[in-house]
Amino acid sequence: MESQTVKWKHYFLYLAFIYAILYFLHTNLLLNDRPIRIKKWPHLPLRFRHDGTFKILQVADMHFGSGLLSRCRDVLPSHFHYCSDLNTTRFLKAMIQLEKPDFVAFTGDNIFGPSTTDAAESLLRAFGPVMESGIPWAAVLGNHDQESSMTREELMSFISLMDYSLSQTNPPSKDINNVKRGMFLDIDGFGNYNLSVYGAPGSHLANSSVLNLFFLDSGDRETVQGVRTYGWIKDSQLNWFRSASQELQVQNQEVKYVIKTQPVDASAALAFFHIPIPEVRQLYYQKIVGQFREGVACSSVNSGVLKTLVSIKDVKAVFIGHDHTNDFCGNLEGIWFCYGGGFGYHGYGRTGLARRARVILAELRKGDKEWMGAERIKTWKRLDDENLSKIDEQVLWELSPSR
């Protein structure tokens, strides 16, 4: 009988222990009486549509502040009864609805740190429309994002955890001795990564990358020989860039070997970062598409980004921000450099000049029976006017007819 009593005591103690655990989980894993929600992921991998196209919306310099309290800059009073960050939100929603992009790339200064006391809240509001749409997206940082309550590392970590975001804090290291919290240890900045866009469904390239998207952290502010300047892309980042590109090109060669009966085009690549490189200044004297309205605000340090891009050969175009009223595309040594144009209303602009966004369209080559590799990359801009006017459409790159 005493043995039965001991068993019952153990049974009740066990139940009490289970109850205590459940109570702890209930009280500690609830936030405002709502259970913690797991990140929502987009359908992966990124891939071209059945019609052989892949469309990217570039959003440059949202400069989102505190929502309704953040007033617009450089707008005509007659254009808006009351203008705030909400106009930026409305523009983003309109662009998503009109262009129906497959992917959205945010190229820095997503929030304006000095205008918000809560960076996380500002980020949630800024990226809200794209998260609500369920469209996959990714971001890099500008020079103003970290001027609030979060460091650049914290910002990229937070952005990577947001719904439908494919952003990464930094690329994973394959060398076990180079791993720190799952990140690439020997690389500068936060927000260096690449994403692959796969071929059209049902094609031989459905499981192969045919368009590579590279994202780089161009930094914020630095001091060189006692003089303040803008940040730049460092050697460690360029080394990773070369390595990642070479690896993707090797994979492309392997696909050529496997698919012997089908010609396979070399994969194309696009790059996204915030601060322009010094060579962009040269475009003032060259033929461009769009407008060169202000001086190029870049670093005093030339780290050899253009030389690296030329050497790896697969990057066809680079998309940047930072200088809000510049919205041109110009060619440097065979590579197009395109400004997104100022998107956000809390960022500076020019009175009477409409905010704008850039659209990038990649198209596949049509084979005898199926879609092949990338054949053409186009771009245009949309103005935030009554008609969301489309301007400056151009072809950035086209596969050589000999292929």
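Note: hydrogens, waters and symmetry copies are ignored here, and every other heavy atom, side chains too, is used. In this chain, residues are counted from 1 in sequence order.
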_Ser122 side chain vs Gly65 backbone, donor-acceptor pair below 3.5 Å_ = yes
*Measure across Cys298 and Pro276 and return the closest heavy-atom pair with its distance rounded to 0.1 Å.*
CB-O, 3.2 Å
*asked:* If I compare all heavy atoms of Ser299 with all of Trp232, which pair ends up nearest, and what's the gap?
replied: OG-CE3, 3.2 Å
_If I take atom CD1 from residue Ile111 and atom CG from residue Leu141, how far apart are they, to the nearest 0.5 angstrom?_
9.0 Å
*Is it possible for you to check whether Arg71 lies under 6.0 Å from the centre of the six-membered ring of Tyr345, through NZ or CZ, and within 45° of that ring's axis?*
no
*Using a 4.5 Å cut-off on heavy atoms from C-beta on, say whether the side chain of Lys55 contacts that of Lys100.*
no
*Test Trp137 against every option in Phe103, Phe127, Tyr164 by the ring-ring contact (aromatic ring centres under 6.0 Å, His included) rule and name the one that passes.*
Phe127
_Can a donor-acceptor pair be found, under 3.5 Å and without considering hydrogens, that links the side chain of Thr229 to the backbone of Ser300?_
yes
*Full working for side-chain contact (heavy atoms from CB on, under 4.5 Å) between Glu375 and Leu364*: CA-CA 5 Å; Glu375 179 180 50; Leu364 297 179; 6.0 Å; no
*With a 3.5 Å cut-off and no angle check, do the side chains of Glu279 and Asn302 form a donor-acceptor pair?*
yes
*Among pairs that include at least one residue of residues 47-108, which meet disulfide (SG to SG under 2.5 Å), considering only residues two or more places apart or in two chains?*
Cys72-Cys83
_CD1-OG1 distance between Ile275 and Thr107, expressed to the nearest 0.5 angstrom_ = 11.5 Å
*Is any side-chain N of the basic residue among Arg125 and Asp85 closer than 4.0 Å to the acidic one's carboxylate O?*
no
*Regarding Arg242 and Ser311, is there a side-chain donor-to-acceptor distance under 3.5 Å anywhere?*
no
*Taking all non-hydrogen atoms of both residues into account, name the closest pair between Ile233 and Ser218 and its distance.*
CG1-CA, 3.9 Å
_For Ala200, is there any backbone N or O sitting under 3.5 Å from a side-chain donor or acceptor partner on Ser203?_
yes
*Using the side-chain contact (heavy atoms from CB on, under 4.5 Å) rule, take Phe106 and Leu92 through it: C-alpha gap first, then chi angles, then the decisive distance, then the call.*
CA-CA 11 Å; Phe106 294 92; Leu92 182 52; 4.3 Å; yes
*Do Arg356 and Ile391 have side-chain heavy atoms sitting under 4.5 Å apart?*
yes
*Between CG of Asn212 and NZ of Lys316, what distance do you get to the nearest 0.5 Å?*
11.0 Å
*Begin from the C-alpha positions of Thr116 and Glu121 and carry the test side-chain contact (heavy atoms from CB on, under 4.5 Å) through to its verdict.*
CA-CA 9 Å; Thr116 177; Glu121 180 64 26; 5.7 Å; no
_Candidate pair Phe328 and Val280, rule side-chain contact (heavy atoms from CB on, under 4.5 Å), full reasoning_ = CA-CA 10 Å; Phe328 62 84; Val280 172; 4.1 Å; yes
*Taking all atoms of both residues into account, what is the closest heavy-atom pair of Met95 and Ala357, and its distance?*
CE-CB, 4.1 Å
*Under a 4.5 Å cut-off applied to non-hydrogen side-chain atoms, are Glu99 and Trp380 in contact?*
yes
*Which heavy atom in Ser148 sits nearest to a heavy atom in Asp118, and how many Å separate them?*
OG-N, 4.0 Å
*Check Asn87 against Tyr82 and note the closest heavy-atom contact, atom names and distance.*
OD1-O, 3.9 Å
*Report yes or no: does Glu294 contribute a side-chain atom to a donor-acceptor pair with the main-chain N or O of His324 at less than 3.5 Å?*
yes
*So, do Leu309 and Val315 sit near enough that their side-chain heavy atoms are less than 4.5 Å apart?*
yes
*asked:* When you measure from the side chain of Thr379 to the backbone of Val359, do you find a donor-acceptor pair of N or O atoms at a distance under 3.5 Å?
replied: yes
*Decide yes or no for Asp102 and Leu46: does some side-chain heavy atom of the first lie under 4.5 Å from some side-chain heavy atom of the second?*
no
*Hey, does the side chain of Gln246 reach the backbone of Ser243 with a donor-acceptor pair shorter than 3.5 angstrom?*
no
_So if I apply the salt bridge (charged side-chain N to carboxylate O under 4.0 Å, His left out) rule between Arg152 and each of Asp145, Asp188, Asp220, which one comes out positive?_
Asp220
*asked:* For a side chain to side chain donor-acceptor pair (under 3.5 Å) check, start with the C-alpha distance between Ser245 and Gln249, then their side-chain angles and the critical distance, and finish with the verdict.
replied: CA-CA 6 Å; Ser245 174; Gln249 290 179 42; 3.0 Å; yes
*To the nearest 0.5 Å, tell me how far Gln291 CD sits from Asp392 CG.*
7.5 Å
_For a 4.5 angstrom cut-off between non-hydrogen side-chain atoms, does Phe343 reach Arg355?_
no
_Geometric class of the Phe272/Phe215 ring pair [parallel <30°, tilted 30-60°, perpendicular >60°]_ = parallel
_CD on Glu370 to CZ on Arg365, rounded to 0.5 Å_ = 10.0 Å
_Residue Gln394 excluded, over 12 heavy atoms near CD under 6.0 Å_ = yes
*Does any non-hydrogen side-chain atom of Val140 lie less than 4.5 Å from one of Asp217?*
no
*State whether the side chain of Asp385 and the backbone N or O of Asn387 hold a donor-acceptor pair below 3.5 Å, judged by distance alone.*
yes
*Check for a donor-acceptor pair, side chain of Arg47 on one end and backbone N or O of Ala206 on the other, with a separation under 3.5 Å.*
yes
*Look at atom NZ of Lys390 and say whether more than 12 heavy atoms of other residues, nucleotides or ligands are closer to it than 6.0 Å.*
yes
*asked:* If you take the centroid of each ring, where Trp contributes its six-membered ring, are Trp371 and Phe48 closer together than 6.0 Å?
replied: no
*asked:* Does His274 form a ring pair (Phe, Tyr, Trp, His ring centres under 6.0 Å) with His322? I'd like the steps, not just the answer.
replied: CA-CA 6 Å; His274 181 70; His322 193 52; 5.0 Å; yes
_Side-chain donor or acceptor of Ser157 paired with backbone N/O of Glu153 under 3.5 Å_ = no
*When the ring planes of Tyr284 and Phe292 are compared, do they come out parallel, tilted or perpendicular, using 30° and 60° as the limits?*
perpendicular
*With the side chain counted from C-beta on, respond yes when Phe273 and Asn192 share a heavy-atom pair under 4.5 Å apart, and no when they do not.*
no
*Verify the neighbour count for atom NZ of Lys366: are there more than 12 heavy atoms of other residues, nucleotides or ligands below 6.0 Å?*
yes
*asked:* If you count heavy atoms of other groups shown closer than 6.0 angstrom to CD of Glu386, is the number above 12?
replied: no
*asked:* Please identify which of these residues, Phe241, Phe319, Tyr193, meets the ring-ring contact (aromatic ring centres under 6.0 Å, His included) condition with Phe214.
replied: Phe241
*To the nearest 0.5 Å, what is the distance between CG (Asn110) and CE (Met62)?*
5.0 Å
*Side-chain donor or acceptor of Lys39 paired with backbone N/O of Ser165 under 3.5 Å*: yes
*asked:* Any salt bridge linking Asp327 with Arg293? Criterion: basic side-chain nitrogen under 4.0 Å from a carboxylate oxygen.
replied: yes
*asked:* I'd like to check the disulfide bond (SG atoms under 2.5 Å apart) partners of Cys329; sequence neighbours left out, ordered by chain and number.
replied: Cys338
